[in-house]
Undergrad: 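Sharing a structure, written as structure tokens. Questions coming.
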Amino acid sequence: MIDIINTKFVTSAPSIALAPPEELPEVAFLARSNVGKSSLLNSLVNHKGMAKVSATPGKTQLINFFNIEFRDTENDERYSARFVDLPGFGYAKVSKSIKAQWQKNLTQFIAEREQIKLFVHLIDARHPDLDIDAEVDAYLAEIIEEDQVLLHVFTKMDKLNQKELGVLRNKYPGALMVSNTKKRGIDKLTQVIYEILFDIEAKDDSLR
Ligand SMILES: Nc1nc2c(ncn2[C@@H]2O[C@H](COP(=O)(O)OP(=O)(O)OP(=O)(O)O)[C@@H](O)[C@H]2O)c(=O)[nH]1
Ligand SMILES: [Mg+2]
């Protein structure tokens, strides 16, 4: 089994220009505001207060960097990586000019940060077909490089009943789903991220 240990906050930056040196393979978590990016980071590293969580959208306003280590529990081998918690997109309650600046910083970071090896695009399981998520996917398709991977993960699966979960699974076969409140799907996602970053095993294309 793969777990994550030795989590360490590195820094917060408003833009790529002020981001830390590109030392480690990075995983960028992106989603609409309030979908659960910060919560998922905390679930993955099993540390409640690492990334700040809030019921009010727009909590994460800077790009936050965390160094982590994957550990293979069978042989104790360690692999270093960095998780990047991005501000949510589509957050409406700030002034237009601030929003435009955020959006610019965010899109520039996503497009230009070469150390990002994996984009994890989180989508609220209750709202899988929003235009804004489709727009983000279209943007990612435009800028993604050959050595980068895009993974979709549905969050808040605890909010769906069995029937709704079945409908979602039928529509998106093999999709990864998590619940941060119920800690569901976290070990599986940890394993998948590790395999993608370090190219450990044959990758399962149905997951993407
Ligand atoms: N039921 C349920 N609630 C969740 C889950 N994940 C996050 N939440 C809640 O959703 C709200 C937003 O979570 P955050 O992790 O702060 O979301 P975020 O995407 O980081 O939001 P911003 O930083 O504003 O962009 C909080 O009230 C969380 O407790 C989940 O899997 N299930
Ligand atoms: Mg956040």
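Computed over heavy atoms, backbone and side chain alike; hydrogens, waters and symmetry mates excluded. Ligands are counted one by one from 1 in listed order, and the atoms in each one are counted from 1 as well.
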Undergrad: Closer than 4.0 angstrom, basic N to acidic O: yes or no for Glu23 and Arg82?
TA: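 Looking at Glu23 and Arg82, the cut-off is met.
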Undergrad: Where's the contact between Asn34 and ligand 1, heavy-atom distance under 4.0 Å: side chain, backbone, both or neither?
TA: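 For Asn34, the contact with ligand 1 is made by both the backbone and the side chain.
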Undergrad: Under 4.0 Å between a side-chain nitrogen and a carboxylate oxygen: does that hold for Asp85 and Lys37?
TA: no
Undergrad: May I ask you to check if any N/O/S atom from Ser33 comes under 2.8 Å of the Mg ion (ligand 2)?
TA: no
Undergrad: Answer with yes or no whether the side chains of His152 and Asp137 bring together a donor and an acceptor at under 3.5 Å.
TA: yes
Undergrad: Ion pair present between Lys117 and Glu26, side-chain N to carboxylate O less than 4.0 angstrom?
TA: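 No, no charged N to carboxylate O under 4.0 Å.
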Undergrad: In a check of side chain to side chain contact (heavy atoms under 4.5 Å, CB included) between His121 and each of Val35, Val153, Asp133, Leu151, which one passes?
TA: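 Between His121 and the candidates, side chain to side chain contact (heavy atoms under 4.5 Å, CB included) is satisfied uniquely by Asp133.
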Undergrad: Does an N or O from Ser39, backbone or side chain, lie closer than 3.5 Å to an N or O of ligand 1?
TA: yes
Undergrad: So, Gln191 side chain and Met1 main chain: donor-acceptor pair closer than 3.5 Å or not?
TA: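 No, because the side chain of Gln191 does not come within donor-acceptor range (under 3.5 Å) of the backbone of Met1.
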Undergrad: Can a non-hydrogen atom of Ala31 be found less than 4.0 Å from any atom of ligand 1?
TA: no
Undergrad: Which ligand 1 atoms, with their elements, are less than 4.0 angstrom from a heavy-atom of Ser33?
TA: 22 (P), 24 (O), 25 (O)
Undergrad: What's the spacing between Lys156 NZ and Asn34 CG if we round to 0.5 Å?
TA: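 Going from NZ on Lys156 over to CG on Asn34, the span is 5.0 Å.
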Undergrad: Minimum distance, heavy atoms only, to atom 20 (O) of ligand 1: which one of Pro87, Ser38, Ser43, Ala125 is it?
TA: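 Looking at heavy atoms only, Ser38 sits closest to atom 20 (O) of ligand 1.
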Undergrad: Check whether the side chains of Ser15 and Asn105 place a donor and an acceptor atom closer than 3.5 Å, and report yes or no.
TA: no
Undergrad: Under 3.5 Å, N or O to N or O, is Val53 touching ligand 1 that way?
TA: no
Undergrad: Could you list which atoms of ligand 1 come closer than 4.0 Å to a heavy atom of Gly88?
TA: 25 (O)
Undergrad: For Lys156, is at least one N or O under 3.5 Å away from an N or O on ligand 1?
TA: yes
Undergrad: Heavy-atom contacts with Ser179 under 4.0 Å: which atoms of ligand 1 show up? List them by number with element.
TA: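 Per the distance check, 31 (O).
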Undergrad: Answer yes or no for Thr181: is there a heavy-atom contact with ligand 1 below 4.0 Å?
TA: yes
Undergrad: Heavy-atom distances under 4.0 Å are what count here, so tell me which part of Lys159 touches ligand 1: side chain, backbone, both or neither.
TA: side chain
